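Remarks on the structure that follows.
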Number of protein chains: 2
Amino acid sequence: MEIEPIKECSQTILAIHDVMDLFKGKWKMSIIACLCYKKMRYSELLREVKGISGRMLSKELKELEMNELITRNVLNTQPVAVEYEITEYGATLKNLTKTIAKWGLNHRRRIIGK
Amino acid sequence: MEIEPIKECSQTILAIHDVMDLFKGKWKMSIIACLCYKKMRYSELLREVKGISGRMLSKELKELEMNELITRNVLNTQPVAVEYEITEYGATLKNLTKTIAKWGLNHRRRIIGK
DNA sequence: AGTCGTAAGTTACTAAAAGTAACATGTATG
DNA sequence: CATACATGTTACTTTTAGTAACTTACGACT
């Protein structure tokens with residue numbers, strides 16, 4: 001008799017795997033959280049997402065845009081400014097980022113407390 | 001005048017970054033979700049976490065153990081069985097895994113629906 | 001006019017992480 | 001004795017992340 005995975009669990013694992021794959025790398029979730037807060041320009045994101053490099057930021061932004069989680073708007077100002085904004089769909093992640101941040105804050109306290 | 005990052009946002013970003021760093025790689029969150037469901041043996045995890053290799057599984061398990069999110073118990077059966085179990089602290093991630101899974105399920109529907 | 005600074009990236013290169021396939025060791029089963 | 005299963009490890013390759021320097025265009029300062 002062949003052993004089968006647990007269905008109830010498999011569904012969940014699959015869903016989690018999808019999410020982890022979509023947000024792979026350490027930066028994407030932070031970028032999303034930033035843009036959930038307000039729309040920002042490239043240079044603002046470089047400042048807010050501490051430690052990220054230009055190369056990584058533009059790579060991550062491209063991927064997020066491809067997944068329709070953010071939009072890139074070139075403003076016709078002189079000189080051009082580029083604004084990144086969360087999409088309606090991207091905004092559905094707000095609750096998720098909050099949950100992560102909440103656990104993270106608690107974890108940080110726990111680690112520091114040691 | 002120097003431009004400063006937004007404090008409210010920075011705290012959140014920092015916390016999220018901590019979490020993403022702790023769970024980097026695509027497997028850890030899935031493993032946690034599995035073990036939140038029930039304690040499992042190495043071979044069970046290999047089956048449940050579809051696509052993971054032995055090398056990756058043991059690496060990830062070691063890291064999760066180091067972070068006190070899971071425990072490794074060698075049972076004195078013949079032949080030895082190894083059981084991985086979520087810790088009390090690890091179990092605080094249950095809500096997070098649920099939130100991720102929920103979004104992931106919805107996302108999967110959206111992608112397939114296209 | 002020349003230099004510096006800012007914005008929004010890109011390029012070339014290096015380092016780290018993930019993935020693959022085969023091997024090891026002990027036990028149990030036909 | 002040959003085969004299979006459990007629990008990994010080792011050696012090797014591929015992919016991803018990270019770093020530092022460069023680019024292009026404009027604006028401000030001297």
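Because the structure is a prediction, the values reported are computed rather than measured. Below, chains carry the letters A, B, ... as their sequence lines are ordered, and counting in each starts from 1.
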Open item on the list: Assuming nearest nucleotide by heavy-atom distance, tell me which of A/M56 and A/P79 is located more 5' along DNA chain D.
Closed with: A/M56
Between the protein and nucleotides 9-17 of chain C, list every N/O to N/O distance that falls short of 3.5 Å.
residue, atom, partner, partner atom, Å
C/dG9, OP1, A/R72, NH2, 2.5
C/dG9, OP2, A/Y84, OH, 2.8
C/dT10, OP2, A/K62, NZ, 3.2
C/dA12, N6, A/R55, NE, 3.3

Task: Separation of atom NZ in B/K26 from atom P in D/dA17, rounded to whole Å - done: 11 Å
Open item on the list: Counting C-beta onward and ignoring hydrogens, is there a side-chain heavy-atom pair between A/I13 and B/Y37 closer than 4.5 Å?
Closed with: no
Task: Flag side-chain contact, heavy atom, 4.5 Å: B/W27 against A/M20 - done: no
Open item on the list: With a 4.0 Å cutoff (strictly under), does any side-chain N or O of A/W27 reach OP1 or OP2 of D/dA17?
Closed with: no
Open item on the list: I need the minimum non-hydrogen distance between A/C9 and B/C34, along with the two atoms involved.
Closed with: SG-SG, 3.6 Å
Task: Nearest-angstrom distance from the residue atom CD of B/E63 to C1' of D/dG8 - done: 16 Å
- [ ] Mind calculating the distance between CD1 (A/I31) and P (D/dA17) to the nearest angstrom?
- [x] 11 Å
Task: Closest listed nucleotide, where the reference is the side chain of B/Q78 and the choices are C/dA28, D/dT7, C/dA8 - done: C/dA28
- [ ] Whole angstrom is fine here: how far is it from CG in A/L57 over to P in D/dA17?
- [x] 14 Å
Task: Side-chain heavy atoms of A/R72 within contact of A/L61, under 4.5 Å - done: no
Open item on the list: Does any part of the side chain of B/R110, heavy atoms only, come nearer than 4.5 Å to the side chain of A/Y89, both counted from C-beta?
Closed with: yes
Open item on the list: For B/G54, is there any backbone N or O sitting under 3.5 Å from a side-chain donor or acceptor partner on B/Y42?
Closed with: yes
TODO: In whole angstrom, give the distance that lies between atom CD of B/E83 and atom P of D/dG8.
DONE: 12 Å
Open item on the list: Taking only side-chain N and O atoms of A/S43, does any of them lie within less than 4.0 angstrom of OP1 or OP2 on C/dA8?
Closed with: yes
TODO: May I ask you to say whether A/K38 pairs ionically with A/E44, meaning some side-chain N is under 4.0 Å from a carboxylate O?
DONE: yes
- [ ] Measure the distance from CE on A/M20 to P on C/dG19 and round it to the nearest whole Å.
- [x] 13 Å
Task: Atom-pair distance (NZ on A/K50; C1' on D/dG18), nearest Å - done: 19 Å
Task: Length of the line joining B/I52:CD1 and C/dA21:C1', which is rounded to integer Å - done: 16 Å
